[in-house]
Amino acid sequence: MTATLTPVRAGDAVTAVGRLIVCQGQPGLLLAHDRVPVEQVGSLDRAAAVALSRLPDGVALGNLVRITGRWDGRRLSATEVISEEEPAIRPSAVGAVPLPDPPKSLSGAGSQILRELDQAGILSGRRMEFHPLRDTVLVTVSDPHRAHEIVDRHAAPEHFTVRRSMWTSEQLRRARKLALSVPEGELFSAGESYDEHAEAHITISVKLAREALVAAMADLPSGLVSITSFLRAATPERG
């Protein structure tokens, strides 16, 4: 894993950052990552909101605060409240990142090659590379030999650069299924992006990281998956 992700369990001390709100008579925290207007929250049973046992004293509704408290599995009991500055950057809900079209000079052959690489179960990622004389597609694959066979069969090797991916097909398959293991109402966003080397990276944002998710992530190589948990363990030590 890129960084230690600690699972959150009932009874744990956690921290969360968000705006104090009241929703349907229930005090809560609209977590700082959610940009939905307060009047449109509708329910605290959403990934980027958490119910509070009570509103903290001396803090006005709408204020951005950092709360440390005890998570009971449904609500957070505030024990410490600290005013916060506006976050410089807020993650937003995203889906899968759309891939660029192949160079027009490839016509239908380029798209067909990409389809065949994907159908063969060896395509990890792709990105465009723009050059003065010719644009090419950089693809990362789990089996370069098989990929070259597919590319060469379409007589388009000059338009494709093939590299072995950092990840195996099985690692990518498991990483892409991680979001499906998040309980309903706790998944804020999940997406896939590709770096300058055409390597795939999975990003997931959740209300809290449960033990099953942390265990599944621990079995994957560092750098493949990044998970943001809005409720974070206040300390790694447990009693």
Side-chain angles (χ1 to χ4, degrees), residues 1-38 40-54 66-79 87 90-97 170-193 200-239:
M1 292 187 298
T2 304
T4 301
L5 183 67
T6 304
V8 172
R9 299 181 283 219
D12 283 351
V14 302
T15 61
V17 177
R19 296 189 181 283
L20 291 173
I21 63 172
V22 173
C23 180
Q24 299 179 347
Q26 170 69 55
L29 200 64
L30 181 62
L31 299 167
H33 306 81
D34 202 342
R35 302 181 67 94
V36 66
V38 172
Q40 296 180 17
V41 172
S43 169
L44 294 175
D45 293 327
R46 57 189 291 123
V50 60
L52 300 177
S53 59
R54 64 175 180 83
R66 177 182 299 273
I67 289 183
T68 298
R70 191 71 56 181
W71 172 249
D72 69 3
R74 294 182 60 252
R75 298 183 303 178
L76 181 61
S77 300
T79 57
R90 294 178 179 176
S92 57
V94 295
V97 176
E170 175 61 17
Q171 288 168 343
L172 269 174
R173 185 191 67 81
R174 288 190 284 124
R176 287 165 173 158
K177 289 179 63 177
L178 273 182
L180 300 178
S181 68
V182 179
E184 184 178 358
E186 294 183 6
L187 178 67
F188 181 66
S189 68
E192 181 171 335
S193 61
H201 299 277
I202 311 298
T203 56
I204 301 173
S205 296
V206 294
K207 175 181 285 190
L208 70 158
R210 295 188 180 273
E211 290 180 272
L213 182 64
V214 174
M217 183 179 174
D219 288 335
L220 294 171
S222 175
L224 175 53
V225 178
S226 174
I227 296 178
T228 297
S229 176
F230 299 153
L231 299 183
R232 294 179 297 174
T235 173
E237 290 80 23
R238 299 185 182 274

Novice: Would you compute the distance between atom CH2 of W71 and atom CG of L208 and round it to the nearest 0.5 angstrom?
Specialist: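 Here the interatomic distance stands at 6.0 Å.
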Novice: Mind checking side-chain contact (heavy atoms from CB on, under 4.5 Å) for R173 and listing every partner two or more places apart, or none if nothing turns up?
Specialist: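 Listed in chain order: E170, K177.
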Novice: Please give me the minimum heavy-atom distance between L213 and S181, naming the atom from each residue.
Specialist: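 L213 and S181 have their closest heavy atoms at CD1-OG, 4.0 Å.
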Novice: I need the minimum non-hydrogen distance between F230 and A47, along with the two atoms involved.
Specialist: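 For F230 versus A47, the nearest heavy atoms are CD1-O, 3.7 Å.
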Novice: I need the minimum non-hydrogen distance between L76 and A16, along with the two atoms involved.
Specialist: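 That would be CD2-CB, 4.5 Å.
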Novice: Could you work out, with salt bridge (charged side-chain N to carboxylate O under 4.0 Å, His left out) as the rule, every residue matching R176, not counting sequence neighbours?
Specialist: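 R176 satisfies salt bridge (charged side-chain N to carboxylate O under 4.0 Å, His left out) with E192 once adjacent residues are dropped.
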Novice: Quick one: side-chain hydrogen bond (donor to acceptor under 3.5 Å, both in side chains) partners of Q26, sequence neighbours excluded?
Specialist: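 Listed in chain order: nothing, the list is empty.
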Novice: Among residues at least two apart in sequence or on other chains, which ones pass side-chain contact (heavy atoms from CB on, under 4.5 Å) with T79?
Specialist: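 Here the qualifying residues are T68.
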Novice: Pick from L231, V50, L52: which one makes a side chain to side chain contact (heavy atoms under 4.5 Å, CB included) with I67?
Specialist: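 That would be L52.
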Novice: Check the pair L29, I21 against side chain to side chain contact (heavy atoms under 4.5 Å, CB included), reporting the backbone distance first and the verdict last.
Specialist: CA-CA 6 Å; L29 200 64; I21 63 172; over 6 Å; no
Novice: Nearest heavy-atom pair of P27 and G25: which atoms, and what distance?
Specialist: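 So the two residues come closest at CD-O, 3.8 Å.
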Novice: Can you name the residues that form a salt bridge (charged side-chain N to carboxylate O under 4.0 Å, His left out) with R75, not counting sequence neighbours?
Specialist: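 Testing R75 for salt bridge (charged side-chain N to carboxylate O under 4.0 Å, His left out), a comparison that skips the adjacent residues, returns none.
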Novice: Which heavy atom of M217 sits nearest a heavy atom of L178, and at what distance?
Specialist: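 Closest heavy-atom pair between M217 and L178: N-CD2, 4.5 Å.
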Novice: Provide the closest heavy-atom pair for A200 versus L224 in the form atom of the first, atom of the second, distance.
Specialist: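 Shortest heavy-atom contact: O-CD1, 3.8 Å.
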Novice: Which residues satisfy the side-chain contact (heavy atoms from CB on, under 4.5 Å) test with A179, sequence neighbours excluded?
Specialist: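 Counting only residues at least two positions away or on another chain, A179 forms a side-chain contact (heavy atoms from CB on, under 4.5 Å) with L187, A190, I204.
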Novice: Does T6 reach the main-chain N or O of A233 with its side chain, forming a donor-acceptor pair under 3.5 Å?
Specialist: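 No; judged by distance alone, with no hydrogens or angles, the pair does not exist.
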Novice: How far does CD1 of I202 sit from OG of S193, to the nearest 0.5 angstrom?
Specialist: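 Separation between the atoms: 7.5 Å.
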Novice: Applying salt bridge (Lys or Arg N to Asp or Glu O under 4.0 Å), which residue pairs with at least one partner in residues 201-211 are found, sequence neighbours left out?
Specialist: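 Sorted pair list: R9-E211, E186-R210.
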Novice: Could you measure the distance from the CG atom of L30 to the CZ atom of R19? Nearest 0.5 Å is fine.
Specialist: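 So the gap between those two atoms works out to 8.0 Å.
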Novice: What pairs with Q24 under side-chain contact (heavy atoms from CB on, under 4.5 Å), at least two apart in sequence or on another chain?
Specialist: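 Partners of Q24 under the side-chain contact (heavy atoms from CB on, under 4.5 Å) test: none.
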